[in-house]
Asks: 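The structure's right below; bear with me while I get my questions together.
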Amino acid sequence: MCGVVETRPSSPQPNWDICRRHALANVLRTAATRFDVDFLVGFEVEFEILRRSSSPEEQESTLLPFSTGLGRYAVDGLRDPGFPLVEDAVSTLMEHGVDVQTIQTEGRCGQYEISLGPRPPVMQWSGMVV
């Protein structure tokens, strides 16, 4: 998420040698200029919707599955009471420019996966690698 730069009073020039993001940007630049190869990466965000249980016999709140319906990759998960939360999250992501390609249920009840579109592994921002 950020660049790591080392500077010292004896050497005020920025030293990017310890920055993994900068190293990745150099590899990508070399691949593009030397081999005419560009890379894109995509991510799948998997999560489960939970609820708090605070029954009188429990000392602390416990997290429990929000859903009680079918799971295991069933289309019934799209009719689950927790699915409107997923739809709200996806709408917010898309409003902020995130390329959401698919939404699907996963193996557990109330578990979902959002597949994001491919993007460059390192983005440029204001002339800096970010």
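All of these numbers come straight from a predicted model, not from anything done at the bench.
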Asks: Look up atom OG1 in Thr102 and atom OH in Tyr112, then write down how far apart they are to the nearest 0.5 Å.
Replies: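 That separation rounds to 14.0 Å.
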
Asks: With Leu116 as reference, evaluate Asp99, Val41, Val100 under the side chain to side chain contact (heavy atoms under 4.5 Å, CB included) test and give the passing residue.
Replies: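 The passing option is Val100.
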
Asks: Does one hydrophobic cluster hold both Phe35 and Leu28, with members joined at side-chain heavy-atom distances below 4.5 Å?
Replies: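 Linked, Phe35 and Leu28 end up in one cluster.
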
Asks: Flag the pair Val122 / Arg21 as yes when at least one side-chain heavy-atom distance between them is below 4.5 Å, and no otherwise.
Replies: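 The answer is yes; the side chains approach within 4.5 Å.
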
Asks: In sequence, state the C-alpha distance, the side-chain angles, and the governing distance for Arg119 and Leu40, and then conclude on side chain to side chain contact (heavy atoms under 4.5 Å, CB included).
Replies: CA-CA 5 Å; Arg119 302 286 302 227; Leu40 297 174; 5.7 Å; no

Asks: Under the side chain to side chain contact (heavy atoms under 4.5 Å, CB included) criterion, do Ile114 and Phe43 qualify, and how do the steps go?
Replies: CA-CA 8 Å; Ile114 299 173; Phe43 292 94; over 6 Å; no

Asks: When you look at Ile49 and Phe83, which way does the side chain to side chain contact (heavy atoms under 4.5 Å, CB included) test go after all the steps?
Replies: CA-CA 9 Å; Ile49 299 175; Phe83 191 68; over 6 Å; no

Asks: Going from CD on Gln104 to CD on Gln111, what distance comes out if it is rounded to the nearest 0.5 angstrom?
Replies: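 Spacing of CD (Gln104) from CD (Gln111) equals 10.5 Å.
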
Asks: Could you pull out the closest heavy-atom pair between Ala31 and Phe39, with the gap in Å?
Replies: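 In terms of heavy atoms, the two residues are closest at CB-CE1, 3.8 Å.
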
Asks: If you look at every heavy atom in Ser115 and Glu44, which pair is closest and at what distance?
Replies: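 Heavy atoms only, the tightest pair is OG-CG, 3.7 Å.
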
Asks: When rounded to the nearest 0.5 angstrom, what is the spacing between CG in Leu50 and OG1 in Thr62?
Replies: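 The distance works out to 11.5 Å.
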
Asks: Look up atom CG in Leu63 and atom CD in Glu48, then write down how far apart they are to the nearest 0.5 Å.
Replies: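 Going from CG on Leu63 over to CD on Glu48, the span is 9.5 Å.
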
Asks: Is the count of non-hydrogen atoms from other residues, nucleotides or ligands lying under 6.0 Å from Asp36 atom CG greater than 12?
Replies: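 No, the 6.0 Å shell around CG holds no more than 12 heavy atoms from other groups.
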
